[in-house]
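Order of appearance sets the numbers: ligands from 1, and atoms from 1 within every ligand. These numbers come from a predicted model, not from an experiment.
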Amino acid sequence: MPTPSPLANAIRALSMDAVEKAQSGHVGLPLGMADAATLLFQEFIRFDAEHPEWPDRDRLVLSAGHGSMLLYSLLYLTGYPGVTIEEIRNFRQLGSKTPGHPEFGHTPGVETTTGPLGQGLANAVGMAIAERHLNARFGDDVVNHKTYVIAGDGCLMEGISQEAITLAGHLRLKNLIVLFDDNAVTIDGSTALSDATDQIKRFKASGWNVARVDGHNMDAVRGALLAAQGSDRPSLIACRTIIGYGAPKLAGTGPAHGGPYGAEEVAGIRRALDWQHEPFVIPENILAQWRRIGGQGAKHRLAWEQRLKASGKQAEFEGALAGKLPAGVGAAMAEHKKKIAEAPKADATRKWSGAALEVLTAMIPEMVGGSADLTGSNNTRTASVKTPLTAEAYGGRYVHYGIREHAMAAAMNGMALHGGIIPYSGTFLVFSDYSRPAIRLGALMGQRVIHVMTHDSIGVGEDGPTHQPVEHVASLRMIPNLLVFRPCDGVETAEAWEIAINNTRGPSLIALTRQNLQPARKTHIAENMVARGGYVLSPAPTTKVEKIVLIATGSEVEIALEAQKLLEAEGVGARVVSLPCFSLFAAQPESYQRDTLGGKLPRIAVEAGVRDGWDRWIGPNGAFVGMTGFGASAPYKALYKHFGITAEAVVKAAKQRL
Ligand SMILES: Cc1ncc(C[n+]2csc(CCOP(=O)(O)OP(=O)(O)O)c2C)c(N)n1
């Protein structure tokens, strides 16, 4: 077995000391991958530790996020700002820069939040797409870097990896290089317990350049990395490693995966590695070597800065990265909204979404759209993004993600994290279940990603309950920092889009109808009413005393307005409140919420979904008209009748509360 370098052993030592001190964490991966990671940093990754945000840096994604100490050790050793030895000592403690799993925005040098296995790999595919796209836009001088990934057996077993790998292979993302920690061990033990995949053949079949090497043999790893640099495809380098390398009893076994190894085993590792330094002590000469590695990219950064200046594209490039919208977007959207309000017509909100997108994509070159093979249904392809982004032409602004909802959402996170792109894409709302883990991580990371989710209720009709979301809107509303919109007409859809495109702090999801809806907002108001989350759409006619409040979202606003008329005919004054975004409404002052919801008046809510989440707005005296189970296959009007989501049902519920 080759003798590991002291540089690699420094990673090993820090990782095991941190895990021992925290009495939790995963040291198996850092012990196994320390050699390959060291070589990667020494000879390949282009970065400048003092400038973690340098835009043309190579990205490194630790998809196997449980091995976080590998990354933290590297960040400390190479000298990333703020990642001190104290932070390493405080691994997994509250407020430290070294949380259990790498968290974006928490630690300089952490490019994405990882932990849910496979996500990082799919983020990396998005980063690589972003890089190729911006390279096509700005040229080699300005954007030309690689995305490296460290992934484990777990990442490659997860379903998302199949979507990510095939998408990357199809797009021939030669700038993507995956180091697979091929240790054949997961938590339960040998991978043979649960998997018999030939990963090399699998990646090859997906259009990748592949290699298998001894991950502890630096010449072999170097050779594979060199070959990867010159490949015209994405590269997989399966690094055969020993999990828990150096541990006398545990190396190569399932228990080596995680948990503190205990004093005896750690002492054994120290002996095996000939590392006799105290915990958390890195000898000066070794630290100095690492710090040199941390600074060796400075010359590349400086050269890049010169090239950027000389490119004539500096302002445009920096503007794109900053993600600031061009001046005039607000005015254009206001004009668009005005036009809709002044010429009201019935249409599906998915169509109105397409119309809003026409305006936005024409003005914002950073917007890159797409769909998981439902382009015609999602209305996500506009005139401005018509050209597909392909292996032959990365400059296109439309990604045909294929039927890969999960990787699509995760890749969009990666694109947003990379910077310079505002990704949006579509699928059916019911399939948000397929992308939910990535939507959640986008929310956790605060990334501007926009999910267009059409066919948002039983209004789907004939496709039946498999395609009819029932619980989706309610459950998506529960994800913190995700704005969920369910607009009711063209104006509200335009307003939702305006908020989404300006929402730099997190993802937005716009739920849209398949079916046509009558316009609800027929008078132009400059203010973006959706921004309040909810508002009085139609007060009770002045002749009647207001006795009841009808609250609705999306397609059911039409039903509430109809019920209002029926009640009016019976001498009952009702107001209609549109509530397109719960979380924005919840953020309003309580007095506004109370006034909008009519104080103590009884409230009837109507939404073609489950009741969960609504009681907060309905209050104790109200009622809910909606779904209590799955839908059915039939024309949508028949379904609304069948499930009792009608104006008559709302009137009946209202009268019972009077
Ligand atoms: C989606 C997801 N499922 C389960 C886990 C829990 N988990 C963390 S690491 C791991 C085993 C991963 O095995 P491998 O990738 O081979 O890592 P190694 O054992 O080599 O460190 C599991 C099941 C997780 N983090 N994410």
Answer yes or no for P116: is there a heavy-atom contact with ligand 1 below 4.0 Å? yes
Run the numbers for me: atoms of ligand 1, each under 4.0 Å from some heavy atom of T186, listed by number. 13 (O), 16 (O), 19 (O)
With a sphere of 6.0 Å drawn around CZ of R46, does it hold more than 12 non-hydrogen atoms of other residues, nucleotides or ligands? no
Got P108 and K97 here, is their nearest side-chain heavy-atom distance under 4.5 Å? yes
Between ligand 1 and G67, can you find any atom pair, the residue atom being a heavy atom, that is separated by under 4.0 Å? no
Kindly state if atom 12 (C) of ligand 1 has a protein heavy atom within a strict 4.0 Å cut-off, that is, under 4.0 Å? yes
Looking only at N/O atoms, are N183 and ligand 1 under 3.5 Å apart anywhere? yes
For atom 23 (C) of ligand 1, tell me which residue out of D195, I243, I187, T241 has the closest non-hydrogen atom. I187
What pairs with N503 under side-chain contact (heavy atoms from CB on, under 4.5 Å), at least two apart in sequence or on another chain? L483, R505, S508
I'd like to know whether ligand 1 has E158 as a neighbour, heavy-atom separation below 4.0 Å. yes
Tell me, which protein residue and heavy-atom name are nearest atom 17 (O) of ligand 1, and how many Å apart are they? H66 NE2, 3.2 Å
Can you figure out which of L117, L29, L70 has its heavy atom closest to atom 5 (C) of ligand 1? L117
